[in-house]
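Data block below; observations after.
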Amino acid sequence: RRPPLWAFTVLFAFWANLHGAFVFGWIFIGLYLAGHFVESFWSNDREVRQRERRAAIGLIPVLVLAVLATCFNPYGWQLPWHVVEFFRDPWLRWLTHEFQSPDFLREDRLFLFSLFGMIAALTLRPRPSWTHIMVMLGTAGMALISVRNIVQFGLLAVPLLALHLAPPWNQWMGRRPFVQRFAARARTGVTLPYILTSLVLLSGLALAHGRVAGRQLVPEGFVAERFPVDAVAWARSRNVHGRMFHEFIWGGYLLYAWPEMKVFIDGGSDFYGGEYIRAHRHVVNIQPGWRDSLAVWEIELALVATGGPLTSELLLDDGWQPVYCDRTAVMLQRAGGVLDTVPRSDCTAVTAASVAGR
């Protein structure tokens, strides 16, 4: 049964104040609305057509209220418009990794296999309802556009595929006692034993820090090869402070691991805006005038990736002095700074070893 309209209002009001993905909620309702309409035209059964048309019309006020409810926030209508505006800037989406398309050559292969499975499953008869087909195709399409949407595909399309495959699976494998008990309890809502079992297993995995039988199944903490873990620990132990320039992808980690230091930029690219991010990349890519930009911003420190082009240029620049270096990050200060320096040759050697190791 569909929840009352006020429940959707409360849900979307909270959602909009918690996370920007409330837009997906609009899309999800829209997919069901479209599915009901298609089913109403597709079916040969008059009663089914009328039922599906009523269901589609009933979702229209739900969608309207879902959109209006997102305006209940400190910024009013400007918040949902801000999210929509972000998706209208292809350059910002291209810059942010999670908004890029999946890379099937190096990763995201499980999603690729899931797509193949979905295509194969949809050839089985009887076909799923058009509402389910719309959700499967809609979430698959969004996941192909943006890698972050693979989560929605896994949460919504895969369970619907499982429902579609259940009858032929049961016919092929037979009704196992466990399956029968689970199905009976699912219909009556008595699923507490399964929920408790899952919670116990997940809690045990958390208490074991993600390790099972000596194997690290779930990564714990931040990988020092990708984030400046050691550099930040070194800087905090010496109470390093000042106006710092750093890599874009390290911004979120710095917010977490170095809270007393203001970041130059982080993953909230929609708030910084395209012009600011272009200025950051102007420096990272050492385009003409990049030194002037650092001077205008009054940058005193630079935390940059070992082996990067900007790092190499700063190590050759007499106006900058290295104070820390490892295989992941190099920290430099403007000439005349208060931190103890390290020999440039040492940082150059670390950089060369890091590049050779890649």
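As the structure is a computational prediction, the values presented were derived from the model and not from experiment.
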Rounded to the nearest 0.5 Å, the CE atom of M261 sits from the CZ atom of R236 at a distance of 10.5 Å

CZ of F271 to OH of Y276: how many Å apart, nearest 0.5 Å? 15.0 Å

ILVMFWY cluster, L155 and F28 together (side-chain gap under 4.5 Å): yes

Regarding Y272 and D266, is there a side-chain donor-to-acceptor distance under 3.5 Å anywhere? yes

Please work out whether the ring planes of F37 and F41 are parallel, tilted or perpendicular, with thresholds of 30° and 60°. parallel

Using every non-hydrogen atom in the two residues, find where I286 and E313 come nearest and quote the distance to one decimal. CD1-CG, 3.7 Å

Among pairs that include at least one residue of residues 202-214, which meet side chain to side chain donor-acceptor pair (under 3.5 Å), considering only residues two or more places apart or in two chains? H209-E220, R211-Q216

Atom pair CD (E225) and CG (D230), whose distance is rounded to the nearest 0.5 Å: 9.0 Å

State, with a plain yes or no, whether a side-chain heavy atom of W297 is found less than 4.5 Å away from one of V283. yes

Please check: side-chain N/O of W250 versus main-chain N/O of R226, any donor-acceptor pairing under 3.5 Å? yes

Examine V223 and V330 and state if one hydrophobic cluster contains both, with Ile, Leu, Val, Met, Phe, Trp and Tyr joined whenever side-chain heavy atoms are less than 4.5 Å apart. no

Side chain to side chain contact (heavy atoms under 4.5 Å, CB included), that's the test. Do Q333 and V240 meet it? Break it down for me. CA-CA 10 Å; Q333 67 178 1; V240 174; over 6 Å; no

Do other residues, nucleotides or ligands put more than 12 heavy atoms under 6.0 Å from F99 CZ? yes

Ignoring hydrogens, what is the shortest heavy-atom contact between P228 and L254? Give both atom names and the distance. CG-CD2, 4.5 Å

Apply the test ring pair (Phe, Tyr, Trp, His ring centres under 6.0 Å) to residues F12 and F22: give CA-CA distance (whole Å), side-chain angles for both, the deciding distance (0.1 Å), then the verdict. CA-CA 7 Å; F12 276 88; F22 62 84; 7.8 Å; no

When you look at OH of Y75, are more than 12 heavy atoms from neighbouring residues, nucleotides or ligands closer to it than 6.0 Å? no

Donor-acceptor under 3.5 Å (T311 side chain, G307 main chain): no

Crowding at CZ, R238 (>12 non-hydrogen neighbours, <6.0 Å): yes

How close do V350 and T306 get, heavy atom to heavy atom, and via which atoms? O-CG2, 4.2 Å

Is it possible for you to say whether I119 and L112 belong to one hydrophobic cluster, with membership spreading through side-chain heavy-atom contacts below 4.5 Å? no

Contact between F248 and V284 at the side-chain level, heavy atoms closer than 4.5 Å - yes or no? no

Could you tell me the separation between the SG atom of C347 and the CG atom of L314, rounded to the nearest 0.5 Å? 11.5 Å

Classify the ring geometry of H280 against F264: parallel below 30°, tilted from 30° to 60°, perpendicular beyond 60°. tilted

Mind listing the side-chain donor-acceptor pairs of residues 47-55 below 3.5 Å, one per line with the distance, residues two or more places apart or on another chain?
| from | atom 1 | to | atom 2 | distance (Å) |
| --- | --- | --- | --- | --- |
| R49 | NH1 | S43 | O | 3.3 |
| R49 | NH1 | N44 | O | 3.4 |
| E52 | OE1 | H36 | ND1 | 2.6 |

Which heavy atom of V229 sits nearest a heavy atom of A224, and at what distance? CG2-CA, 3.9 Å

Can you list, by chain and residue number, the hydrophobic cluster partners of F14 when the side-chain cut-off is 4.5 Å? W6, V10

Got L63 and Y32 here, is their nearest side-chain heavy-atom distance under 4.5 Å? no

For E300 against G242, the heavy-atom pair lying closest together: OE2-CA, 3.4 Å

For residues 132-150, dump all side-chain donor-acceptor pairs below 3.5 Å to protein atoms at least two apart in sequence or in another chain.
| from | atom 1 | to | atom 2 | distance (Å) |
| --- | --- | --- | --- | --- |
| T139 | OG1 | V135 | O | 2.6 |
| T139 | OG1 | M136 | O | 3.2 |
| S146 | OG | E98 | O | 2.9 |
| N149 | ND2 | M142 | O | 3.1 |

Minimum heavy-atom distance between G20 and V83, given as atom pair plus value: O-CG1, 3.9 Å

Between D326 and A329, is there a donor-acceptor pair closer than 3.5 Å when you use the side chain of the first and the backbone of the second? yes

Pair T70, W15 - check side chain to side chain contact (heavy atoms under 4.5 Å, CB included), show working. CA-CA 8 Å; T70 57; W15 196 351; over 6 Å; no

Side chains of I299 and M244, heavy atoms from C-beta outward: is any pair under 4.5 Å? no

Other residues, nucleotides and ligands only: do more than 12 of their heavy atoms fall within 6.0 Å of CD on Q287? yes

Do H241 side-chain atoms and N239 backbone N/O form a donor-acceptor pair below 3.5 Å? yes

Evaluate the side chain to side chain contact (heavy atoms under 4.5 Å, CB included) criterion for residues H246 and I265: first the C-alpha distance (whole Å), next the side-chain angles of each, then the deciding distance (0.1 Å), finally the verdict. CA-CA 8 Å; H246 57 79; I265 199 170; 4.0 Å; yes

Do V64 and F72 belong together in a cluster built from hydrophobic side chains that touch within less than 4.5 Å? no

Please round to the nearest 0.5 Å and tell me the distance separating atom CZ of F222 and atom CZ of F227. 6.0 Å

So W258 and Y253, side chain to side chain contact (heavy atoms under 4.5 Å, CB included) or not? Walk me through it. CA-CA 8 Å; W258 200 354; Y253 172 75; over 6 Å; no

Min side-chain heavy-atom separation L294-F245 under 4.5 Å: yes

Tell me, do L205 and V212 make a side-chain contact under 4.5 Å, heavy atoms counted? yes

Separation of L165 CG from L122 CG (nearest 0.5 Å): 9.0 Å

Are side-chain heavy atoms of P74 and N17 found at a separation under 4.5 Å? yes

Which side-chain N or O atoms in residues 336-345 pair as donor and acceptor under 3.5 Å with protein atoms at least two apart or in another chain?
| from | atom 1 | to | atom 2 | distance (Å) |
| --- | --- | --- | --- | --- |
| R344 | NH1 | L315 | O | 2.7 |
| R344 | NH1 | D317 | O | 3.4 |
| R344 | NH1 | W320 | O | 3.1 |
| R344 | NH2 | D317 | O | 3.2 |
| R344 | NH2 | W320 | O | 2.4 |

Should we say atom NE2 of H82 is surrounded by more than 12 heavy atoms from elsewhere, each under 6.0 Å from it? yes

For E298, check salt bridge (charged side-chain N to carboxylate O under 4.0 Å, His left out) against everything at least two apart and list the hits. none

Do E39 and R127 sit within salt-bridge range, that is, some charged N less than 4.0 Å from a carboxylate O? yes

Are F113 and L160 linked, directly or through intermediate hydrophobic residues, by side-chain heavy-atom contacts shorter than 4.5 Å (ILVMFWY only)? yes

